[in-house]
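Here is the structure we will look at.
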Amino acid sequence: MKKTYINGLGCISAQKTFDTVFLEEAELNENSTILSLKAPVYKDFIPPVAIRRMAKGVKNGIVASALALKEAQLETVDAIITGTGMGCIEDSEKFLKAILDNDEQFLTPTSFIQSTHNTVGGQIALGLQCKAYNLTYVNGSVSFESALFDAKMMIEEEEASSILVGGIDEMADYTMSLFKLAGFIKKENQGPYSILGSTTKGVVFGEGATFFALENQIKNNTIAEILDVEILNKLNVSEVENKILSFLAVNSLEISDIDAVLLGYNGDVDSDLYYKNLSNTTFINVPQVYYKHLSGEYDTASAFGLWVGSKIIQTQSIPDIVKLNALDKQSYKTILLYNQRNGIDHSFTLISSC
Amino acid sequence: MEALKQELKSKIIEVLNLEDIAIADINDDDALFGDGLGLDSIDALELIVMLDKDYGIKLVDPKEGKTIFKSIETMAGYIAENRVK
Amino acid sequence: MNIGIAITGMGIISSIGNSVEENYNALRNSQIGITTIENIATVHVDVIKVGEIKKTNQELIEELQLGKDNNFSRTAMLGTIAAKQAVKNAGITSINEYRTGLISATSVGGMDMTERYYHEYFDNPEVVKYISSHNAGDNTEKIASELGLKGMVTTISTACSSAANAIMLGARLIKSGKLDRVIVGGTDALSKFTINGFKTLMILSDGYNKPFDNDRNGLNLGEAAAYLVLESEELVKKENKKVLARVSGYGNANDAFHQTASSENGDGAFLAMEKAFKIAKLQPEQIDYINVHGTATPNNDLSEGRAIARLFGESKVPDFSSTKPFTGHTLAAAAAIEAVYSVLAIQNNVVFPNLNFKTPMEEFNLLPQTTLKHKNIEHVLSNSFGFGGNCSTLIFSKSE
């Protein structure tokens, strides 16, 4: 069975992640309930005729995918698989507002066309003139992992030797105001919004685009191998540890083989209960990492998590800003990622050095 | 007629987000689609809505746009003849 | 030929019926579901016709016995009804007994509630519960929850080809041994959002859609949900399951031509069909019936027709029809309801008619089957294409 290697990364996030080494210029912002991403210079990557209709999510997706391809030294791929929770909500909002405010009159198609969830995947294919397999997953916190799972399965089936896989989500004003109303985002003026030790509901929201160029062979630029991905819809807090142990066992691993664990802490007091027990007992002797204080929480924030995990293996170091405990390892070979939100959409991802 | 042409140029730039193009860059008889300005079928739909909204001209078949939107010249001519606003 | 993945159950709700039987009877008797819209207040009420399910949200809530505080979108309710039927049809009583997944498809998720309450949210605390149901994944999560399914759950959204990709993923998950059983399909409710969206593209018909007719003038939108239960060979043997038909081939390609329009020669469609044949290990001449995408837009039918003519040879195209004159174009659900129709065609050895056809297209010599036709059907090919260049093909085969 063919193995899956990460040979290129592209990350647009609330931090400087596309023109730096590994979070050396990361800024901790605990005073804002929303973390906007740091935009690249789009015109360096996208022709002006194409750019004029694109919302930022599409632009970020294109840039992040271009960066990943470049690092992997690939011109094109055998599949483009994306994940997005909310899709292109900026254009969805725009079109819906126009419908409601103009009583369904004088509407133009551009924002409708751009509003579909598969816009980013379609636009990347269009840009690369790539007629290969193209799919978009839209399932909350496992949107990205679904794409990753599919990609790994394609390489195993030998249906593809190179694949672009990515997670993209964008923020839009009205949707953010609705999320505040519904309590998904923390209340204003109650900062600092520290993720660790949070006692309140809601999260600090974010956005981003993270792409991985995957291939079925090791190259000079190979960053890590993806060993396994598992997706589960629903678990009780008490079931998580056993599920992780059996996931590791399937891969002939034990807790002691794990050199670092990345947990999806997001500062929501209830959602984070799923990680507390793991931090305090299961992985007490393992270097622990968190990352959503840097990226914000969004449906595909776990793709940013995988970027952090990949970088740990690539640089063989964990930046202090993402450390949950004080443990270090001589080398970082095998890394486990666990993410979920509010007890739903759990994912386990296992990567290793090559 | 000259004023209408200038108006159309500025509207096209605005409606179609042609950031890098100035009014002076568009000649009256330049092809708007294909090799000229490079507009496509989605732009045509945008222009159809503009005709309706700003000049009260309703096109039912998108194919009609092909001849009307050939150039600023043809567009202005059609609008001058058919406008109700 | 590849033996294919067993289909052991199916469920459907569409504008032509609330069950598989009702849909089959409507297809046999040319009873169409295209009507004037009733459940959504729209200024376009007199100029469009839709494939609407004539049940109000309240009726759906009662049918599903949902609590007063439920926040199900119409999309989720339709999906739950169809998925429950499919699970029952497959004789599943203990859903988590085997490694069971749910792969659902939707285009706009809970948009039907979002557009209803968009400006009301800040004034009416009672509707705030619907903010979370907008998310496409939330709709699938609700279906999973109603089925009591805890395993792998995910959602696919590739516009109008979505459900074909859900069925394809389900088949691959079983083939690779990752799951024993997968419930696959799609659901989409009508919404002002999609009605106005397609209206701006000027591809909505003002009458009844006429696929593959020279005078076709666009599509009717519809709403529907349908699911299939796919099971592994081991499970079929162990439980002595009745196999309705099999998913023998699947293919996915991108047209990479335009954001909404299909390329002139249907490159993406051609590639998707070609891949499906390769997986199925079948030759084009073995196909007995093509359930075409056939949306009745000028662009789709020309592009799809050319791709079919190229692949099969213009004079050798098997019987084909679009069933969209019955149901309308049900977007992300379309490939799932057409999968149910493909299985019905195989089970009953029948080709369903392509209604409303009068004049052959001038670009090629392709004539759809316009009346109900009885003949032996071993293999059915079903196409589905979507915005973003997404093209998918499924091949269904009779179980030996």
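Every value quoted in this text rests on a predicted model; they were computed, and no experiment measured them. In the text below, chain A, chain B and the rest are named by the order of the sequence lines, each starting its count at 1.
- Using a cut-off of 4.0 Å between Lys/Arg side-chain N and Asp/Glu carboxylate O, A/Lys97 and C/Glu115 are scored as not salt-bridged.
- We find the CZ-OG1 distance between A/Phe112 and C/Thr260 to be 10.0 Å, quoted to the nearest 0.5 Å.
- The two residues A/Glu104 and C/Asn196 have their closest heavy-atom pair at OE1-ND2, 2.8 Å.
- If you tally non-hydrogen atom pairs under 4.5 Å between each of A/Asp103, A/Ile89, A/Leu135 and chain C, the highest count goes to A/Leu135.
- Taking each heavy atom of A/Phe184 and C/Ser132 in turn, the nearest pair found is CZ-CB, 3.5 Å.
- By number of non-hydrogen pairs under 4.5 angstrom with chain A, the leading residue of C/Asn252, C/Thr42, C/Leu201 is C/Asn252.
- With a threshold of 4.5 angstrom between heavy atoms, C/His258 approaches chain A through N, CA, C or O but not through any side-chain atom.
- If you tally non-hydrogen atom pairs under 4.5 Å between each of A/Ala98, A/Ala147, A/Gly83, A/Ser146 and chain C, the highest count goes to A/Ser146.
- Ring-plane geometry between C/Tyr118 and A/Tyr174 is classed as tilted, the angle between the planes lying from 30 to 60 degrees on a 0 to 90 degree scale.
- The closest donor-acceptor contact from the side chain of C/Tyr121 to the backbone of A/Ala182 lies at 3.5 Å or more, if one exists at all.
- Neither the backbone nor the side chain of A/Glu145 comes within contact range of chain C; no heavy atom of the residue lies under 4.5 Å from a heavy atom of that chain.
- Of the residues considered (C/Lys199, C/Met202, C/Lys178), C/Lys178 shows the highest number of contacts with chain A, using heavy-atom pairs under 4.5 Å.
- Contacts of A/Asn342 with chain C are absent, with no heavy-atom separation under 4.5 Å from either backbone or side chain.
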Apply side chain to side chain contact (heavy atoms under 4.5 Å, CB included) to the pair C/Met152 and A/Val142, showing each step before the final yes or no. CA-CA 10 Å; C/Met152 179 172 177; A/Val142 294; over 6 Å; no
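- Your options are A/Thr116, A/Leu128, A/Ile124, A/Ile344, and the one with the most heavy-atom pairs under 4.5 Å with chain C is A/Ile344.
- Sparse packing is recorded around NZ of A/Lys243, with 12 or fewer heavy atoms of other residues, nucleotides or ligands lying under 6.0 Å away.
- Of the two parts of A/Thr108, only the backbone, made up of N, CA, C and O, holds a non-hydrogen atom closer than 4.5 Å to a non-hydrogen atom of chain C.
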Check the pair C/Leu173 / A/Phe149 against side chain to side chain contact (heavy atoms under 4.5 Å, CB included), numbers first and verdict last. CA-CA 10 Å; C/Leu173 283 164; A/Phe149 182 94; 3.3 Å; yes
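- Note that A/Lys131 lies outside the cation-pi zone of C/Phe257, set by a 6.0 Å cut-off to the ring centre and a 45° limit from the axis.
- One finds the NE2 atom of A/His346 at 9.5 Å from the NZ atom of C/Lys150 (value rounded to the nearest 0.5 Å).
- Under the 3.5 Å distance criterion, the side-chain polar atoms of C/Asn390 are matched with a main-chain donor or acceptor of A/Asn134.
- Using modelled atom types, one side-chain atom of A/His117 and one backbone atom of C/Ser107 make a donor-acceptor pair closer than 3.5 Å.
- Atom-to-atom distance recorded for A/Ile99:CD1 and C/Ser191:OG is 7.5 Å, nearest 0.5 angstrom.
- The local environment of CD in A/Gln129 is crowded, with over 12 non-hydrogen atoms from other residues, nucleotides or ligands closer than 6.0 Å.
- In this structure, C/Met168 CE and A/Asp150 CG are separated by 7.0 Å, a value rounded to the nearest 0.5 Å.
- Heavy atoms of C/Ala144 lying under 4.5 Å from chain A belong exclusively to its side chain.
- For A/Thr175, no part sits under 4.5 Å from any heavy atom of chain C, backbone or side chain.
- Note: C/Thr154 leads C/Asp255, C/Thr194, C/Leu169, C/Thr154 in heavy-atom pairs under 4.5 Å with chain A.
- Interface remark: of the candidates C/Ala253, C/Gly268, C/Cys391, C/Ala253 forms the most heavy-atom pairs closer than 4.5 Å to chain A.
- Here the closest non-hydrogen pair linking A/Cys130 and C/Ala256 is O-CB, 3.8 Å.
- Neither the backbone nor the side chain of C/Asp138 comes within less than 4.5 Å of any heavy atom in chain A.
- Contact of A/Ile231 with chain C is made through backbone and side chain together, with heavy-atom distances under 4.5 Å.
- In this structure, the portion of A/Glu239 lying under 4.5 Å from any heavy atom of chain C is its side chain and not its backbone.
- No donor-acceptor distance shorter than 3.5 angstrom exists from the side chain of A/Asn139 to the backbone of C/Thr140, with no hydrogens or angles considered.
- Side-chain N or O atoms of A/Asn118 include one that pairs as donor or acceptor with a backbone N or O of C/Phe387 at under 3.5 Å.
- For A/Asp299, the part sitting under 4.5 Å from any heavy atom of chain C is the side chain, from C-beta outward, and nothing else.
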Audit row: A/Phe179, C/Ile131, side chain to side chain contact (heavy atoms under 4.5 Å, CB included) steps and yes/no: CA-CA 7 Å; A/Phe179 283 6; C/Ile131 292 174; 4.0 Å; yes
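- Only the side chain of A/Leu100 comes within contact range of chain C, with at least one heavy atom under 4.5 Å from a heavy atom of that chain.
- Your options are A/Gly87, A/Gly122, A/Pro109, A/Ser143, and the one with the most heavy-atom pairs under 4.5 Å with chain C is A/Pro109.
- At a 4.5 Å heavy-atom cutoff, the contact between C/Ala41 and chain A is made by backbone atoms alone.
- Nearest heavy-atom pair, C/Leu149 versus A/Asn233, reported as atom, atom and distance to 0.1 Å: O-OD1, 3.7 Å.
- Looking at C/Ile156, the atoms closer than 4.5 Å to chain A (heavy atoms on both sides) sit in the backbone and in the side chain alike.
- Side-chain atoms of A/Glu157 never come within 3.5 Å of backbone atoms of C/Ser176 as a donor-acceptor pair (strictly under, hydrogens ignored).
- Contacts between A/Gln105 and chain C at a heavy-atom distance below 4.5 Å involve the side chain alone, from C-beta outward.
- With a 4.5 angstrom heavy-atom cutoff, C/Ile279 touches chain A only via side-chain atoms.
- Neither the backbone nor the side chain of C/Lys175 comes within contact range of chain A; no heavy atom of the residue lies under 4.5 Å from a heavy atom of that chain.
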Yes or no on side chain to side chain contact (heavy atoms under 4.5 Å, CB included) for C/Phe122 and A/Leu178, after CA distance, side-chain angles and deciding distance? CA-CA 8 Å; C/Phe122 286 92; A/Leu178 291 180; 3.8 Å; yes
